[in-house]
There are 4 protein chains.
Amino acid sequence: MGEHSADVAPKGKAAPRRTSIGGRRNPASASAILEAAEAILSETGLAGFSIEAVARRAGAGKPTIYRWWPNRSALLMDVYARQKETVLRVDTGTLEGDLVELLTRLFAFWRDTPAGATFRSIIAEAQSDPASLAALQSFLADRRAYVGEVVARGIARGDLPPKADLPSLVELIFGFAWMRLLTGDIAAPDADHVPDALPARVRLLLRGAAATA
Amino acid sequence: MGEHSADVAPKGKAAPRRTSIGGRRNPASASAILEAAEAILSETGLAGFSIEAVARRAGAGKPTIYRWWPNRSALLMDVYARQKETVLRVDTGTLEGDLVELLTRLFAFWRDTPAGATFRSIIAEAQSDPASLAALQSFLADRRAYVGEVVARGIARGDLPPKADLPSLVELIFGFAWMRLLTGDIAAPDADHVPDALPARVRLLLRGAAATA
Amino acid sequence: MGEHSADVAPKGKAAPRRTSIGGRRNPASASAILEAAEAILSETGLAGFSIEAVARRAGAGKPTIYRWWPNRSALLMDVYARQKETVLRVDTGTLEGDLVELLTRLFAFWRDTPAGATFRSIIAEAQSDPASLAALQSFLADRRAYVGEVVARGIARGDLPPKADLPSLVELIFGFAWMRLLTGDIAAPDADHVPDALPARVRLLLRGAAATA
Amino acid sequence: MGEHSADVAPKGKAAPRRTSIGGRRNPASASAILEAAEAILSETGLAGFSIEAVARRAGAGKPTIYRWWPNRSALLMDVYARQKETVLRVDTGTLEGDLVELLTRLFAFWRDTPAGATFRSIIAEAQSDPASLAALQSFLADRRAYVGEVVARGIARGDLPPKADLPSLVELIFGFAWMRLLTGDIAAPDADHVPDALPARVRLLLRGAAATA
DNA sequence: GGCTAACCGAGACGGTACGTCCAGTCTTAAT
DNA sequence: ATTAAGACTGGACGTACCGTCTCGGTTAGCC
C-alpha cells in the first residue's frame with residue numbers, strides 16, 4: 001500500500017521535493033509530468049496510462065496535472081508534441097529516394113523511440129474523443145503539407161510531371177504509413193532474405209501519380 | 001456518463017426475464033448481450049462501452065458475459081463480426097468501377113450503420129490489447145483476400161496486366177480506407193459542388209499498378 | 001433481499017454531499033458510515049450487513065470504507081465499540097443486588113438497543129475470522145475485569161469471603177449472559193407470572209463462590 | 001481457474017460417477033455431500049463453506065443439494081447431527097467426577113474432531129438465521145435434558161440434596177462450555193504446570209447448587 | 001514589508017467499473 | 001422421479017482510477 005517511494009522517478013540528484021515557485025506554473029513540475037507520462041506510455045502502453053499513475057511517477061499531485069491539462073487526451077497530445085520535434089528532413093536527390101528514405105526513417109522513429117507507442121495511443125484516443133480527433137487532424141494536415149513539399153520538390157526536379165495528382169499521392173502515402181503502424185507492421189526490413197515491400201509501395205504510387213498527369 | 005436511468009432495458013413488451021434453458025448456452029441471452037453492446041457502442045462510443053453497462057442494458061448478469069467473452073475486446077470483436085456479415089459484393093464490369101463502388105459502399109456502410117463506430121473502436125482497442133491486434137490482423141487478412149479476388153478478376157478481365165503488383169495495390173487501398181475512417185473523413189460525396197476525391201485515389205492506384213507490371 | 005430502494009440515504013434535510021476536507025479523514029463520513037452500519041445491523045441483522053449496503057445507505061463510496069476499515073469485521077467491531085460506551089455502572093449495596101442489577105440492565109441493553117444484534121454478530125463473526133476472535137477476547141477480558149472489580153467490592157464489603165474463587169465466578173457469569181444472548185433468551189422478565197430465573201442463577205453462583213473459599 | 005478436476009474428493013476407488021437410482025433419493029449422494037461438507041468445514045471453517053464448494057467437492061450438482069436441504073444452515077445442522085451421534089456417556093461414581101469427565105471429554109471432542117468447528121459454525125449461523133436458531137434451541141434442550149439426567153442421578157446418589165436448583169446448575173454448565181468453545185479456549189489442560197480451571201468451575205457450581213437447596 | 005494570490009504536494013472524497021465468487025433457480029439428458 | 005451438470009440473473013466482493021476538493025505550505029508580486 002505504501003511503497004510509493006519506489007514509484008517516483010529515479011532522479012540522479014537528491015529528489016529535491018519540488019514545490020511552488022510562486023503564483024505561476026512551475027516548469028520543473030511540467031517537465032517531470034511529461035517525462036513520467038512518456039515513460040509510462042512507452043513501458044505499459046495506453047492501458048497503463050492513467051493520470052493517477054503519471055502523478056505517482058512524477059511525484060506530482062493530481063490537481064497539478066488537472067490544472068494544466070484538462071484530461072488524459074490533452075496530456076497525451078503534449079507528450080507527442082514534445083517528441084515529434086525530431087523532424088525528419090530528407091534529400092537524396094530523387095523523389096523516389098526521398099520518399100523511401102522518409103518512410104524508412106519514420107518507421108524507424110516509430111519503432112525505436114517511444115513516439116510510435118505514443119502516436120498509436122493518440123490515434124486510438126481520437127476514436128472516442130472529438131477534441132483529440134481535431135488535434136490529430138490538424139497535426140496530420142501539417143505533416144501532409146511537409147510531404148507535399150517534398151513531392152513538389154520532386155516535381156520541380158522533373159521526377160514527376162507538373163500536373164500529377166499530388167493530393168492523392170500524399171493521402172495514399174499517409175494511409176499506408178498509418179496502417180502499418182496500427183497493425184504493428186513496422187518491423188525493420190530484413191535486407192538479406194526478404195525484399196522489403198516498402199520501395200514497391202512507393203514505386204507503385206509514383207508510377208500512378210506520373211500516369212495521372 | 002451518468003444517464004444510467006436510460007440504460008435499463010426498454011421493457012415495453014413483456015419483460016420475460018430470461019433464465020437458463022439447461023446446461024448449455026442460452027442464445028436469447030447471447031443475442032440480447034450483443035444487441036445491447038451494439039446499441040451502446042453506436043450511442044455513446046467506445047468510452048461508454050463497459051461490461052457493466054452492457055449487462056445492465058441487456059438485462060444480463062455480468063458473469064454471463066464473462067462466461068462467454070473473456071474481456072471487453074472479445075465482445076467488441078463479436079459485435080463487429082455480427083455486423084460485417086453484410087458482405088459487400090460488387091461487379092460493375094470494370095475493375096475501376098468495382099473498386100470505386102466497393103469503397104463507396106464501404107464508406108456508406110461505415111457511415112450509416114453502427115459498424116463504423118464499432119470498427120473504429122476495434123482499431124483503437126487493438127492499440128493496447130495484443131489479442132485484439134491479432135484478431136484485427138486476421139480479420140484484415142481476410143478482407144484483403146477478398147479485395148485481392150476482385151483485383152484478380154480485373155486482371156483476368158484484362159483491366160490490369162498479369163504481372164501487376166497486386167499486394168501493393170491491395171495494401172494501399174486498405175490504408176486509404178482506414179485513414180479516412182480513423183480521421184472521420186468518410187462523409188458522403190457532395191456530387192454537385194465538390195468532385196469526390198475517391199475515384200481519383202482509385203485511378204492513381206490502378207495506373208500505378210498497371211505501370212509496375 | 002431486494003428492497004434496495006429503501007437503502008438510499010434519507011435526505012430530508014439538505015443532502016449536502018460530503019466531500020474531502022483535505023488530506024485527512026473526514027469525521028462526518030466516518031460517523032455517517034458507522035451510523036449506517038448500525039442501522040443496517042439492527043434492521044436486517046448480520047445477513048444484510050454488507051459493505052455495499054453500508055456505503056449505499058451512508059452515501060459514501062466503497063473505497064472510503066475500505067480506506068479506514070480493512071474488512072467487514074473491523075467495521076463491526078467499531079460499531080460495537082461506539083455503542084458500548086454506555087457503560088453499566090451499578091451499586092446497590094449488596095453484591096447479589098449488584099450482579100442481578102448488572103445482568104438485568106445488560107439484558108435490557110442488549111434487548112432494547114441495536115447493541116444486542118451487534119454483539120451477536122460480532123461473536124458470530126469471530127467464529128470464522130481470527131482477527132475478530134482476538135478483538136473479542138480482548139474486549140471480553142476488559143469486561144471481565146470490570147465485573148471482577150464489582151465482585152472485589154463485594155468481598156471488601158464482606159458479602160463474600162476473601163478467598164472466594166473469583167475467576168470461576170466471573171467466568172460463569174459471562175458464560176451465562178452469553179448463552180442467553182446467543183439463544184435469544186433475554187426477554188424481559190414477566191414479573192406477574194413467571195418468576196425470573198436470573199436471580200436464581202446469581203444466587204447459586206454466589207453461594208458456590210462463598211463455599212469454595 | 002478451471003482445475004475443478006482437482007477439487008473432487010480423492011476417492012480411493014475409481015470415482016464411479018454417481019447417478020440417479022430411479023425415482024428416489026440416492027443415499028450415496030447424500031453421504032458424499034455430508035462428507036464433503038464436513039471436510040470443508042473442518043478445513044476452511046465457516047467462511048469457505050458454500051453450497052458451491054460442497055457441490056464441487058462432492059461431485060454433486062447444486063440442485064441435488066437444494067432438493068434435500070433448503071439452505072446452508074440446514075446442511076450445517078445435518079453435518080453436526082451426523083457427528084454428535086458420538087454421545088458422551090459417563091459414570092465415574094460421583095457427580096463431581098461425572099461432570100468434570102463430561103466437560104473434559106466434550107472439550108476433547110470439540111478440539112480433536114471436526115465437531116468443534118461445526119458447532120461453532122452452527123451457533124454463528126443461528127445468530128442470523130431464525131430457523132437455525134430454533135434448531136439450535138431444540139438441540140440444546142435435548143442436551144440439557146441429558147445433563148439433567150446425570151445430575152438427577154447424582155441427587156439419587158446423595159451427591160446433592162433433592163431440592164437443589166437443577167435448572168440453574170444445568171444452564172450455568174452449558175454457558176461455561178459454550179463460552180469456552182466460542183472464545184477458542186478449549187485447549188487441553190497442561191497437567192504439569194497450570195492447574196486446570198475446569199474442576200474449579202464444576203466445584204463452584206456444585207457447592208452453589210448444594211447451598212441453594 | 002506585510003498581504004494576497006496562485007502554485008505546489010498530498011491525499012481524502014463520492015463514484016463507476018473492473019473481474020470474481022457465490023446464491024438460488026431452471027432446464028436438459030441420462031438413468 | 002431423481003441424478004449430475006451446468007447455464008441463468010443477480011448481488012456482493014475488494015481494487016483501480018476517475019475528477020473534485022481541501023489542506024498546509026511556499027513563493028512571488030503588489031500595495
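By convention in this document, chain letters (A, B, ...) are assigned in the order of the sequence lines, proteins followed by strands, and residues within each chain are numbered from 1.
Per the geometry, CD belonging to Glu52(B) stands 6 Å off P belonging to dA17(E), to the nearest Å. dA17(E) atom C1' lies 10 Å from atom NZ of Lys62(C), rounded to whole Å. Counting to the nearest Å, the C1' atom of dC18(E) and the CZ atom of Phe49(B) are 14 Å from each other. Rounded to an integer number of Å, the gap from Arg57(C) CZ to dG15(E) C1' is 20 Å. At whole-Å resolution of the value, CZ in Arg56(A) and P in dA12(E) are 14 Å apart.
Rounded to the nearest 0.5 Å, atoms CD1 (Ile40(B)) and CD (Glu35(B)) are 12.0 Å apart. To the nearest 0.5 Å, the span separating CZ on Arg82(A) from OG1 on Thr118(A) amounts to 11.0 Å.
Within 3.5 Å, a donor on the side chain of Ser20(A) pairs with an acceptor on the base of dC7(E), or the reverse.
Screening residues 43-54 of chain A for salt bridge (charged side-chain N to carboxylate O under 4.0 Å, His left out) gives Glu43(A)-Arg57(A), Glu52(A)-Lys62(A) as the qualifying pairs, with residues at least two apart or on separate chains. Pairs passing the salt bridge (charged side-chain N to carboxylate O under 4.0 Å, His left out) check and including a residue from residues 63-74 of chain D, sequence neighbours excluded, read Arg72(D)-Glu125(D). Applying the side-chain hydrogen bond (donor to acceptor under 3.5 Å, both in side chains) test to every pair with at least one member in residues 23-34 of chain B, sequence neighbours left out, gives these pairs: Arg18(B)-Ser29(B).
Within the 4.0 angstrom heavy-atom criterion, no nucleotide atom of any strand lies near Ala55(C).
Of the candidate nucleotides dC22(E), dC13(E), dG9(E), dC13(E) has the atom nearest to the side chain of Arg18(C). Residue Ile51(A) has its side chain nearest to dC18(F) when only dC18(F), dC18(E), dC21(F) are considered. With dA12(F), dC22(E), dT22(F) as the candidates, the nucleotide lying closest to the side chain of Ser50(C) is dA12(F). Candidate nucleotides dT20(F), dG9(E), dG15(E) were compared by shortest atom distance to the side chain of Ala60(A), and dG9(E) ranks first.
The side-chain heavy atoms of Val79(B) and Ile122(B), taken from C-beta on, include no pair separated by under 4.5 Å. The closest side-chain heavy-atom distance from Ser121(D) to Leu41(D) is below 4.5 Å.
Taking side-chain N and O atoms only, Thr64(D) has a distance below 4.0 Å to OP1 or OP2 of dA4(F).
Near-neighbour residues of DNA chain E inside residues 65-73 of chain C, defined by a heavy atom below 4.0 Å, number-ordered: Arg67(C), Trp68(C). Interface residues of residues 21-33 of chain C facing DNA chain F, ordered by number: Ile21(C), Gly22(C), Gly23(C), Arg24(C); criterion, heavy-atom separation under 4.0 Å.
Scanning for side-chain contact (heavy atoms from CB on, under 4.5 Å) contacts around Ala74(A) gives Trp69(A), Pro70(A), Asn71(A), with sequence neighbours left out.
In plain terms, the two heavy atoms of Ser42(B) and Pro114(B) that are nearest each other are CB-CB, 3.6 Å.
Looking at which nucleotide of DNA chain E each of Pro63(A) and Gly48(D) is closest to, the 5′-most match is held by Pro63(A).
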